[in-house]
Protein chains: 2
Amino acid sequence: MSDNLHHFVEEFALAYEAAGIPRTAGRILGWLMVCDPPEQTASQLVEALGASKASVSTMTRLLVQMHLIERVPKRGSRQDYFRIRPGTWSERVKNGLAGLSVYKTLADKGLRLLENAPPERGERLREMRELYAFFEEELKGLFERYERKKRGGSDAIQ
Amino acid sequence: MSDNLHHFVEEFALAYEAAGIPRTAGRILGWLMVCDPPEQTASQLVEALGASKASVSTMTRLLVQMHLIERVPKRGSRQDYFRIRPGTWSERVKNGLAGLSVYKTLADKGLRLLENAPPERGERLREMRELYAFFEEELKGLFERYERKKRGGSDAIQ
DNA sequence: TTGTATGTTTAGTCAATACTGAACAAAATG
DNA sequence: CATTTTGTTCAGTATTGACTAAACATACAA
């Protein structure tokens, strides 16, 4: 409704566009973070964001696939309700950090190819491998610490 | 040269394409990680990767701007030499992780807009904020630990 | 059944971008 | 000076992808 809120939604969308999420999908995310009530039908999204039905249909599907939002069935209504999936951001960060291990694997593959080459030739890859291995290990622990803190902390979300 | 190496370079490029780096730029990166010698001229890159001069010129510029590679002046030659920037991967991870703070800021902005709204409406944003704040803080420490370990460790790169 | 509300799929438009060949620029060498 | 080597810029092509309107499908309501 308010102009400020719309501005926020745009900023939200922009930030997530940089992370590879389509503009409209980002707007849906941003809106679902601040709207009242937190569950919204597809038509409400169309209305609030000024996007087409088709776009909302496609992007909600995408966001559901990405586990960022979820469909909420509502008895007495056959409309689809959407909301931010509880725990989404935590999972997103977790997956993002876990994705770093791809690069460790990559470095490993390269090193295997250079087994018979003079050792200094593998220096670049070893540095890369060492870095990603360190973070893969440590981030695992960091995440556990976060979840433990959250369980023990004030309000648990789910 | 070897077919295996080319396959590795392709895989490397593919992995970094997922991170938003153009295919050819990724190939340059991959090649510079395993080539011998580690510094290569533009024409060597053209030759090794089968890309056009124009592409190599554009993509090397991009990679230099991204601080992933660097131009190395070489006395006695007016050709441009390129190599992986020492410490690149470390810096890349560091910046990537530092980028998470954008989302904390984002959540803050949203919360400010909801100041006058009933508190439960800010619940989604508070959860998000709390998460990113935690990681912003902890990752800072984690990185320090990595650098300290590296300095103290076996071979320092730069 | 017919009508109405809702969501998905399709076809097509528009914009962005990765890439190339060719023209151009700059500088060293003969 | 002209020639050769090297790199950049420009113009054009092809691909991808986000988005929309319109057609279609589904299911409830009268």
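Note: hydrogens, waters and symmetry copies are ignored here, and every other heavy atom, side chains too, is used. Throughout, protein chains are lettered first and strands after them, A, B, ... in sequence-line order, and every chain is numbered starting at 1.
- Spacing between atom CD1 of A:Ile28 and atom P of D:dA18 amounts to 13 Å, rounded to whole angstrom units.
- Atom CD1 of A:Ile21 and atom P of D:dG17 are 15 Å apart (whole Å).
- For residues 88-107 of chain B, every residue pair satisfying the ring-ring contact (aromatic ring centres under 6.0 Å, His included) rule, not counting sequence neighbours, is listed here: A:Tyr16-B:Tyr103, B:Tyr16-B:Trp89, B:Tyr103-B:Tyr132.
- Legend: residues meeting side-chain contact (heavy atoms from CB on, under 4.5 Å) with A:Pro73, ordered by chain and number and at least two apart, are absent.
- Qualifying side-chain contact (heavy atoms from CB on, under 4.5 Å) partners for A:Val46, counting only residues two or more places apart in sequence or in other chains: A:Lys53, A:Val56.
- In the hydrophobic cluster analysis, where Ile, Leu, Val, Met, Phe, Trp and Tyr join through side-chain heavy atoms closer than 4.5 angstrom, A:Ile28 is grouped together with A:Leu5.
- First and last contacting nucleotides of DNA chain C toward chain A (any atom under 4.0 angstrom from a heavy atom, 5' to 3' order): C:dA5 to C:dT9.
- Nucleotide D:dG7 holds its P atom 14 Å from the CD atom of B:Glu47, rounded to whole Å.
- With sequence neighbours left out, A:Ala54 forms a side-chain contact (heavy atoms from CB on, under 4.5 Å) with A:Ser52.
- A donor-acceptor pair under 3.5 Å is formed between the side chain of A:Arg126 and the backbone N or O of A:Pro119.
- Following rounding to the nearest Å, A:Lys74 (NZ) and D:dC28 (P) show an atom-to-atom distance of 19 Å.
- B:Arg92 pairs by the side chain to side chain donor-acceptor pair (under 3.5 Å) definition with nothing, not counting sequence neighbours.
- Every residue two or more places apart in sequence or in another chain was checked for a salt bridge (Lys or Arg N to Asp or Glu O under 4.0 Å) with A:Arg124, and none qualifies.
- Near DNA chain D, defined here as any heavy-atom distance below 4.0 Å, the residues from residues 52-60 of chain B are B:Lys53, B:Ala54, B:Ser57, listed numerically.
- Residue-level contact check: A:Thr24 touches the backbone only, with heavy atoms under 4.0 Å from sugar-phosphate atoms and none from bases.
- Take B:Arg112 and apply the side-chain contact (heavy atoms from CB on, under 4.5 Å) test, not counting sequence neighbours, and it matches B:Asp108, B:Lys109, B:Glu115.
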Hey, can you pull the donor-acceptor pairs under 3.5 Å for the side chains in residues 133-143 of chain A, sequence neighbours left out?
{"unit_1": "A:Glu136", "atom_1": "OE1", "unit_2": "A:Lys104", "atom_2": "NZ", "d": "3.3"}
{"unit_1": "A:Glu138", "atom_1": "OE1", "unit_2": "B:Arg145", "atom_2": "NH2", "d": "2.6"}

Contacts under 3.5 angstrom, residues 93-100 of chain B side chains, donor-acceptor by atom type, not counting sequence neighbours:
{"unit_1": "B:Asn95", "atom_1": "ND2", "unit_2": "B:Glu91", "atom_2": "O", "d": "3.4"}

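- Between B:Arg61 and D:dT9 there is a side-chain polar atom (N or O) within less than 4.0 angstrom of OP1 or OP2.
- Shown for residues 63-71 of chain A: residues whose heavy atoms fall under 4.0 angstrom of DNA chain C, namely A:Arg71.
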